[in-house]
Amino acid sequence: MPAGDGFPIAIRRAGAADAPRCAEIFLHGRRTAFSWHPADRFGLDDYYDCVREDAVLVAEVNGLVVGFVSIDESERFIHNLFIDGAWHKRGIGSALLREALGLLRGSAQLACAARNAAARAFYERKGWTPVPPPSDQPEPLVLYRMSQAG
């Protein structure tokens, strides 16, 4: 599938060799997305903890991993969607989100920080509907739901 600048995007299941690149994307993405937290709150090892039980799909452009999505298929929940900052606004997040929804076949949920306006705008443009989040969250979150014909 072509990216916004004409480069083809290949999406595939992540392998062990992809983990260091995904961890790097995750670290930089979280530091940007959660700018209200000190940068040293996040580390490379966080990636491994956050995707331990998830299926991970990566997006590649010309053999370079430029983003990933992690999915808990049993809970029908998208946990993480991060794109290398140099590759934002090129259709990669949209492609990964479409592929994740295809795997989940039907309804899915995800959550993002209430303060992450860019992510919220992205999901709402893609048709995700905000729903009341669980009340026991340590940081205010917006829970989103998507229903699609399976």
Side-chain angles (χ1 to χ4, degrees), residues 1-5 7 9-14 18-19 21-39 41-61 65-150:
M1 142 186 348
D5 55 7
F7 290 106
I9 303 169
I11 298 179
R12 61 173 174 76
R13 291 246 181 197
D18 298 311
R21 174 69 176 138
C22 290
E24 184 179 286
I25 292 168
F26 190 59
L27 174 62
H28 295 294
R30 288 176 82 205
R31 286 181 173 166
T32 300
F34 304 104
S35 61
W36 57 92
H37 289 295
R41 175 179 181 183
F42 306 112
L44 282 172
D45 289 340
D46 296 344
Y47 168 78
Y48 302 94
D49 293 334
C50 288
V51 303
R52 185 179 321 270
E53 302 295 324
D54 290 355
V56 178
L57 302 175
V58 294
E60 286 184 322
V61 175
V65 172
V66 296
F68 74 92
V69 63
S70 72
I71 309 156
D72 180 332
E73 293 178 87
S74 66
E75 294 291 324
R76 310 186 68 72
F77 203 92
I78 296 173
H79 281 150
N80 299 286
L81 175 62
F82 284 90
I83 311 304
D84 180 320
W87 290 90
H88 283 188
K89 306 238 185 246
R90 298 188 189 193
I92 294 162
S94 297
L96 281 165
L97 198 55
R98 256 190 321 275
E99 192 73 20
L101 285 170
L103 283 176
L104 296 175
R105 299 184 196 275
S107 65
Q109 293 186 84
L110 60 82
C112 71
R115 294 170 73 176
N116 190 344
R120 292 179 59 198
F122 171 77
Y123 294 125
E124 289 172 19
R125 279 193 313 272
K126 299 298 172 193
W128 289 78
T129 304
V131 296
S135 59
D136 61 346
Q137 296 298 318
E139 182 168 331
L141 296 175
V142 177
L143 183 66
Y144 285 94
R145 183 169 293 133
M146 172 65 81
S147 294
Q148 61 182 15

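Every value quoted in this text rests on a predicted model; they were computed, and no experiment measured them. By convention here, the first residue in the shown sequence is residue 1. As a basis for the values below, the full set of heavy atoms in this structure was taken, side chains included, without hydrogen atoms, waters or symmetry mates.
Below 30°, between 30° and 60°, or above 60°: for Tyr144 and Tyr123 the angle between ring planes is between 30° and 60°, a tilted geometry.
In this structure, CG in Leu101 is found 5.0 Å from CD1 in Ile78, a value given to the nearest 0.5 Å. The distance from atom CZ of Arg90 to atom CG of Asp84, rounded to the nearest 0.5 Å, is 9.5 Å. Put simply, CD1 on Ile83 and CD1 on Ile25 are 7.5 Å apart, with the number rounded to the nearest 0.5 Å. Taking CD1 of Ile71 as the reference point, atom CG of Leu104 lies at 5.5 Å (rounded to 0.5 Å). Rounding to the nearest 0.5 Å gives a distance of 7.5 Å between CG of Leu27 and CG of Asp46. Note: Ser94 OG to Lys89 NZ = 10.0 Å, rounded to the nearest 0.5 Å.
Here the shortest heavy-atom pairing between Phe122 and Leu81 reads CE2-CD2, 3.8 Å. Minimum heavy-atom separation, Val142 to Ala114: CG2-CA, 3.8 Å. Closest approach of Val65 and Cys22 over heavy atoms only: CG1-SG, 4.3 Å. Shown here for Ala100 and Leu57, the closest heavy-atom pair between the two residues is N-CD1, 4.2 Å. Residues Ala113 and Arg120 share a closest heavy-atom pair of O-CD, 3.8 Å.
Contacts of Phe77 classified as ring pair (Phe, Tyr, Trp, His ring centres under 6.0 Å), with partners at least two apart in sequence or in another chain: His79. Under the side-chain hydrogen bond (donor to acceptor under 3.5 Å, both in side chains) criterion, Asp49 pairs with Arg52, not counting sequence neighbours.
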- Chi angles and distances behind the side chain to side chain contact (heavy atoms under 4.5 Å, CB included) call for Arg21, Phe68: CA-CA 10 Å; Arg21 174 69 176 138; Phe68 74 92; over 6 Å; no

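Residues Asn80 and Val56 have side chains not in contact (no heavy-atom distance under 4.5 Å, counting atoms from C-beta outward). At least one side-chain heavy atom of Arg76 sits under 4.5 Å from a side-chain heavy atom of Ser107. In this structure, the side chains of Val61 and Trp87 come closer than 4.5 Å at one or more pairs of heavy atoms. The shortest side-chain heavy-atom distance between Val69 and Leu97 does not fall under the 4.5 Å cut-off. A heavy-atom distance below 4.5 Å is not found between the side chains of Arg115 and Pro140. Within the 4.5 Å cutoff, no side-chain heavy atoms of Ile11 are placed close to those of Val58. Between Phe26 and Phe42, every side-chain heavy-atom pair lies at or beyond the 4.5 Å cut-off.
When atom types are taken as modelled, the side chain of Arg145 and the backbone of Gln109 share no donor-acceptor pair closer than 3.5 angstrom. Put simply, the side chain of Arg12 never gets that close to the backbone of Glu60: no donor and acceptor are under 3.5 Å apart.
At a threshold of 4.0 Å, the pair Arg13-Glu73 counts as salt-bridged, since one of the basic side-chain nitrogens sits closer than that to a carboxylate oxygen.
Looking at Glu24 and Tyr47, their side chains never bring a donor and an acceptor atom within 3.5 Å of each other.
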